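First comes the structure, then the notes that go with it.
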Amino acid sequence: MNSFRKDFPIFSGNDVIYFDNAATTQRPVQVLDAMRQFNNSCNANPLRGLYDWSIRATEAYEDARHAAAQFIGADMDCEIVFTRNTTESLNLVAYSYGLSHVHEGDEIVISIMEHHSNILPWQMVCRQTGAKLIYMEPEKDGTLTEQEIRSKITDRTKIVSIAHVSNVLGVTNPVRKIADTAHAHGAVVVVDGAQSTPHIPVNVNELGADFYAFSGHKLCAPMGIGVLYGRKELLEDMPPFLTGGEMIEYVERQTATFADVPEKFEAGTVNAMGAVGLGAAIHYLQGVGFDTIRKTEEELTARLMDGLSRIPEITVYGSSDPAKHCGIVTFNIEGCHPHDVASVLDTEHIAVRAGHHCAQPLMKWLQVNATTRASLYFYNTEEEVDRFVAAAGKVRGWLGY
Ligand code: 7TS
């Protein structure tokens, strides 16, 4: 039995196989305890009060910022802006940096495998500025080649925004190569780390990321807390995204000056308990260790892909190498709609995602309307994989084929 499983209360007393970890992950007691501790000992509005509880709430909030900075190798804590999620982080960059730096005739480069959260903000910037949105396209196995990168990123490129790991194919993109090319042309690099941060060690400096976005809920923290990393000089140069309390220096009747980063980007009362949960989740994952996380996921993914490969009617998308999936296995069963597949698996207490996975341009590129996706995490087990593969082999029969 997986020794981490006992940390997750949701798994006790049922036989549910939770294979929808790319959508959101489960929370261990360590995270819940940290949030309860905050709530029961110092819940107050941080950054404002001059009394003990508020001072301790501020410390807890800033400790979480420090944990997040260390987690992704940021040089300074002030380079970490807390947001609600990856979507808000990417919108912040698009509205603030994008609208103030992109002009007519410029280009923004993304890839065809982006989540809608890393497409729509750039469509908005292009609509408002007259810039053009350019798509890099991978090989059939999901690999973005150097030739493709070099052919799409040019002197016209102002922003390159790329998923570190695809939420459908599970492939890890060559961010460093993309960043080097983008920087050589004077463009900034935004990385969508929603699917990488839960699975692989991240260092924004080694990657060459100017901005890096991720969500707490995909790495064992609560929903409603996310991170935007930005290089300090870029954040300092950007206008605020949201305005109001907490983000000001002085307010006059007609004008205002703004606080320093990161407060400039954290208008209103912050999600302090969520941040505390995120800090605890980061410490928890560091305790598990990314070597263990990767090894466990690779073994489970190999077992899963091997099992599915023995079912002739199943097509798995992306690389044939389980090590290149980050625990994400997207497939179709010939003749079966993914919604039917997911519903029939639910009757076996198996939770998977079916549909377009908020990546409709990628679905079109794959020439499918939808897929079924099993996504694993380090707390899943071989027994679950075996039960899943056995059920997947019976789906066509259950649906009357
Ligand atoms: N980027 C990627 C690569 C994602 O996978 C997701 C969420 C997001 C951005 C948005 O994250 P959020 O926390 O702001 O919602 N992906 C998924 C998924 O694959 N299934 O449900 C949510």
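Both ligands and their constituent atoms are indexed starting at 1 by order of listing. Computed from a predicted structure; not experimentally measured.
Relative ring orientation between Y61 and F82 is described as tilted, the plane-to-plane angle lying within the 30° to 60° band. Ring-plane geometry between F11 and F8 is classed as tilted, the angle between the planes lying from 30 to 60 degrees on a 0 to 90 degree scale. Between F388 and F331, the ring planes are perpendicular. Angles over 60° get that label, and only those under 30° would be called parallel.
Within the listing of ligand 1, atoms 3 (C), 4 (C), 5 (O), 16 (N), 19 (O) sit less than 4.0 angstrom from a heavy atom of Q195. Ligand-side atoms of ligand 1 in range of S215: 11 (O), 12 (P), 13 (O), 14 (O), range being under 4.0 angstrom from any heavy atom. In summary, the atoms of ligand 1 found under 4.0 Å from a heavy atom of N167, numbered by their order in the structure, are 5 (O), 18 (C), 19 (O). Taking a cut-off of under 4.0 Å to the non-hydrogen atoms of T86, the atoms of ligand 1 that pass are 9 (C), 11 (O), 14 (O).
No side-chain N or O of H337 forms a donor-acceptor pair with one of N369 less than 3.5 Å apart. Judged by distance alone, the side chains of D15 and H349 do bring a donor and an acceptor atom under 3.5 Å apart.
At a heavy-atom cutoff of 4.0 Å, ligand 1 is contacted by the side chain of D192 but not by its backbone. Residue contacts with ligand 1 for R353 involve side-chain atoms from C-beta outward but no N, CA, C or O (heavy atoms, distance under 4.0 Å).
Atom 14 (O) of ligand 1 has T87 OG1, 2.5 Å as its closest protein atom, hydrogens excluded (heavy atom only). Looking from atom 4 (C) of ligand 1 to the surrounding protein, the closest heavy atom is H115 CD2, 3.4 Å.
Comment: D20 does not engage R353 in a salt bridge, judged by the lack of any side-chain N to carboxylate O separation of less than 4.0 angstrom. Between R387 and E383, no side-chain nitrogen of the basic residue sits less than 4.0 Å from a carboxylate oxygen of the acidic one, so the salt-bridge criterion is not met.
Considering backbone and side-chain atoms together, K218 places an N or O closer than 3.5 Å to an N or O of ligand 1. Looking at H357 next to ligand 1, no N or O pair under 3.5 Å apart turns up.
Evaluation of the salt bridge (Lys or Arg N to Asp or Glu O under 4.0 Å) rule for E249 yields no partner, not counting sequence neighbours.
At a 4.0 Å cut-off, at least one heavy atom of R373 sits close enough to ligand 1 to count as contact. Using a 4.0 Å heavy-atom cutoff, M223 is absent from the residues neighbouring ligand 1. Using a non-hydrogen distance threshold of 4.0 Å, A163 does not register as a contact of ligand 1.
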